[in-house]
Amino acid sequence: MTFKKRTHTCGDLNISNVDETVVLNGWVSSVRDLGGIYFIDIRDRYGITQLRIVPENGEPYDVASRIGLEFVISSSGKVIARENPNRNIPTGEIEIDVSELTVLNKSAVTPFVVEEDIKASEELRFKFRYLDMRRKKISDNIVLRSRVFQTVYRYFDSEGFLVIETPILMKSTPEGARDYLVPSRIHKGKFYALPQSPQTYKQVLMVAGMDKYIQICKCFRDEDLRADRQPEFTQIDLEMSFVSESDVFNVCENMIREIWKEIKGIELESFPVMSYDEALLTYGSDKPELRIKGDMKITDVTGTVEDCGFKVFDDVVNSGGMVAGLKLEGREVTRKVIDNLTEYVKSLGMGGLAYFRFNSDGSVQSPVSKFISETVQNNIREKFDAKNGDTVFLLSGEKKRTLLALGNLRLKLATDFMLIDESVDRFIWINDFPLFAFDDEANQIIAEHHMFTMPKGEELYKLDSDKCDIETITSIRANCYDLVCNGSEFGSGSIRIHRRDIQEKVFNILKLDKQEVEQKFGFLLKAFEYGAPPHGGFAFGFDRIVATLCGTKDIRETIAFPKTTSALSLMDGSPGSVEQKQLDDLGIVIKY
RNA sequence: GGAGCCGUAGUUCAGUUUGGUUAGAACGCCUGACUGUCACUCAGGAGGUCGCGGGUUCGAGUCCCGUCGGUUCCGCCA
């Protein structure tokens, strides 16, 4: 079938094109039949243009009567000025006086109407993603994503980085997230794993002297999903040799700055740096949201309530826990709000929520006031610098748990009371993360970031076996850092261990035996024996960067073919079953 | 693995609290009228396995149990 090539897109034409003869190809977005005149909106991803067809146009008038929504059409004609311009769209001053109208392809009646103000559920939109993507809202996101992609590679190219591809089929390592496995046909009973990240490869590339590596790559983690987590996601992965933390910060920060300049036309100021410990104490999170009005920092009142006589607090203080809280400025919250917040902190595993309502009439309302002396109450008030009209919320319990719960409560309050300034993007580096954490469940020491992370130089001595108590070990800080934007982790990285002796001490502490280590990471350690340079790197969550630029937290809105929270692809129906022969080839028997 | 919310026409929802005649509305779809619309308007029409399975009941969209799917949160995600 032949068709006329388009001379313009549906977003191109304006008043300066009047009298030109043009050809537009696109989809029927709307048909308005006024009985004697048709107005047809033709759409492509660039825009929408109005076609005007009257009986005098001849055959096109007949064709128009048989046209439906989402038909693919080709239309030729002369650009004319509209009698009644539509100022709301860029092409609104003109229309096409149609001389030729061809249906290139019909469309079945669509399961939902393709319109900007979409009514269909996400479920349906994902199943018919190709229809969903015809909406400007989604196609704009996809276009933006492409522009970010190009900006990133352009930036790193100008900085002398090499784009190097790493394998998608690699070896499974049980550490970290659950792997997606791929069975081997040639080696029955053996499996490849899809990369959780190209971590080991990029470190080997440094040993190879590749110096500055960059790749935008897919990563796979078989864990439970969230709005900002997909089973397969995209990382901007980079690694550099002969660098320290500040070098990595510079390169990464400049990349972000370049993207924001390109996409938003904004020159970002340099990003502040805060240690993990300070972030946890101040915001109850290692990814603090800095756009909250009044900042809403955590106030520690453990010392203030010591021996106050209120059993709950006394018990917590005596067992080494903490009592701390947040101040909600200028809000006298209702009973209903308190109940709701109490329920929320309980869902976080906290015992309850104490509060002081400092009413504007000077009275104080609190469920714990009858247990606590007026002096202590006044001290608490002073600590928070609470004024009439403020409400103070207190949580108590084991220190880290309490801080993390306060961090969540802070976000909940900010959301519920609309305290987040959505008009800005606030970045912050978080560094000096702990090297190790103690996993209560497994009752063992685990690597907080990953096992190749370099401890801070001044703390190297703590790795020695004679200092191996849990408290010392978990106090070790690492050359490890996250970039946080608007309370969302944009990425993380570290300076890596390049010396075998340090690496072995880390393995020791993680209780990994030689054979196990050899089997899993032998190739990397082997590589390190042949002159590994000091190196470090970073990995950005590409989807989250794009989502932020698109003004959403839901990365699905920025991915062409996203999966649901149960890791299904509704459009193509993956995962699906396979034929018995395929299983036989792989030597796989399915057990349910 | 745990908790919450949702599932009714092609679509978005109402109806579920308190079980009871023929399950409604809007948009879309079909037919007709209309020459300046852009959410066109107007008149008429078709369209339902109330997610699925079981149970209670004379009777279930409505109550109970299970299950599937969507979504949010906790755990998990080095």
Side-chain angles (χ1 to χ4, degrees), chain A residues 29-41 48-57 61 68-70 80-89 91-92 95 107-128 131 173-179 196-197 199-200 219-231 233 343-350 404-405 408 411-412 415 433-437 439-442 445-453 478 480 489 492-494 506 510 539 541 553-554 556 563-568 570:
Chain A
S29 176
S30 167
V31 179
R32 293 179 294 280
D33 172 9
L34 273 63
I37 184 165
Y38 282 99
F39 292 107
I40 295 174
D41 288 341
I48 289 181
T49 302
Q50 177 166 286
L51 309 178
R52 169 190 180 275
I53 306 161
V54 290
E56 293 71 43
N57 292 115
Y61 190 79
L69 294 182
E70 304 308 322
I80 56 174
R82 287 201 202 180
E83 272 178 39
N84 301 315
N86 180 352
R87 311 284 174 199
N88 299 322
I89 59 171
T91 62
E95 61 195 355
S107 168
V109 174
T110 52
F112 55 84
V113 183
V114 178
E115 55 193 340
E116 283 313 307
D117 190 13
I118 191 80
K119 291 177 189 72
S121 64
E122 273 203 324
E123 189 173 357
L124 204 64
R125 288 171 45 211
F126 289 163
K127 184 164 180 188
F128 298 92
L131 296 178
T173 53
E175 283 74 22
R178 200 175 289 115
D179 281 323
Q196 296 175 26
S197 84
Q199 183 62 39
T200 49
C219 301
F220 308 84
R221 293 177 191 176
D222 189 1
E223 295 291 345
D224 288 351
L225 307 176
R226 293 280 195 281
D228 62 350
R229 271 193 245 155
Q230 284 273 297
F233 59 100
E343 204 174 303
Y344 178 69
V345 297
K346 281 186 174 169
S347 80
L348 299 174
M350 302 306 288
L404 289 176
N408 280 321
L411 289 177
K412 170 104 175 136
T415 312
F433 274 78
L435 184 61
F436 300 107
D439 182 350
D440 297 314
E441 219 168 281
I445 302 276
I446 54 166
E448 178 80 27
H449 183 60
H450 59 62
M451 60 188 77
F452 309 115
T453 304
C480 185
E489 185 194 314
S492 62
S494 62
V506 169
L510 293 171
K553 286 230 165 210
D554 190 347
R556 285 170 295 213
K563 292 187 173 56
T564 69
T565 46
S566 67
L568 293 175
L570 295 177

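None of these values were measured; they are calculated from a predicted model.
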Worksheet item: Over how many whole Å does the gap from A:Arg82 atom CZ to B:U37 atom P extend?
Response: 11 Å
Worksheet item: Do A:Arg32 and B:G36 share a donor-acceptor pair, side chain to base, under 3.5 Å?
Response: no
Report all interatomic pairs (protein N or O, nucleotide N or O of nucleotides 2-9 of chain B) with separations under 3.5 Å.
none

Worksheet entry | Separation between the P atoms of B:G28 and B:U18, rounded to whole Å | 38 Å
Worksheet item: When all nucleic acid strands are considered with a 4.0 Å heavy-atom cut-off, which category describes A:Ser121: base, sugar-phosphate, or nothing?
Response: sugar-phosphate
Between the protein and nucleotides 27-29 of chain B, which nitrogen or oxygen pairs are less than 3.5 angstrom apart?
none

Worksheet item: What does nucleotides 66-76 of chain B look like as a protein-contact string, B for base, S for sugar-phosphate only, - for none, at under 4.0 angstrom between heavy atoms?
Response: ---SSBSSBBB
Item to complete: Tell me whether A:Phe39 is stacked on the nucleobase of B:U37, counting only the six-membered base ring and applying the 5.5 Å and 30° thresholds.
Response: yes
Item to complete: Decide yes or no, distance alone: a donor-acceptor N/O pair under 3.5 angstrom between the base of B:C34 and the side-chain of A:Asp33.
Response: yes
Item to complete: For A:Pro85, report the nucleic acid contact type (base, sugar-phosphate, nothing); a contact means any heavy atom under 4.0 Å.
Response: base
Practice prompt. In whole angstrom, give the distance that lies between atom CG of A:Leu34 and atom P of B:G32.
Written response: 17 Å
Item to complete: With P as the reference atom in both, quote the distance from B:U12 to B:G70 in angstrom, rounded to an integer.
Response: 15 Å
